[in-house]
Amino acid sequence: MRKLKKFLTWGGLAFLVFFVAFRPSEASDVVGNLAGGILDAANGFAAFFTNLVT
């Protein structure tokens with residue numbers, strides 16, 4: 001199990017480096033979309049707690 005985790009970690013890291021090196025535009029789009037999703041979730045939690053308190 002430990003070997004599989006290590007293999008998947010290094011494989012994921014290699015894929016990430018490849019993706020950024022050879023497809024930088026697409027990689028930046030992916031990061032932007034992830035950041036946007038996190039921001040939307042944070043705004044949703046903020047709105048929930050604001051409505052809960054008021």
Listed pairs under 3.5 Å, donor-acceptor, residues 36-54 side chains, sequence neighbours left out:
unit_1: Asn43; atom_1: ND2; unit_2: Leu39; atom_2: O; d: 3.4
unit_1: Thr50; atom_1: OG1; unit_2: Ala46; atom_2: O; d: 2.7
unit_1: Asn51; atom_1: ND2; unit_2: Ala47; atom_2: O; d: 3.2
unit_1: Thr54; atom_1: OG1; unit_2: Thr50; atom_2: O; d: 2.8

Inset, instruction - Sequence neighbours left out, what passes side-chain contact (heavy atoms from CB on, under 4.5 Å) with Val20? Give chain and number order. - result: Leu16, Ala27

Inset, instruction - Give, for atom OG1 of Thr9 and atom NZ of Lys6, the distance between the pair rounded to the nearest 0.5 Å. - result: 10.0 Å

Inset, instruction - Return the set of residues passing side-chain contact (heavy atoms from CB on, under 4.5 Å) with Phe22 (not counting sequence neighbours), or none when no residue passes. - result: Phe18

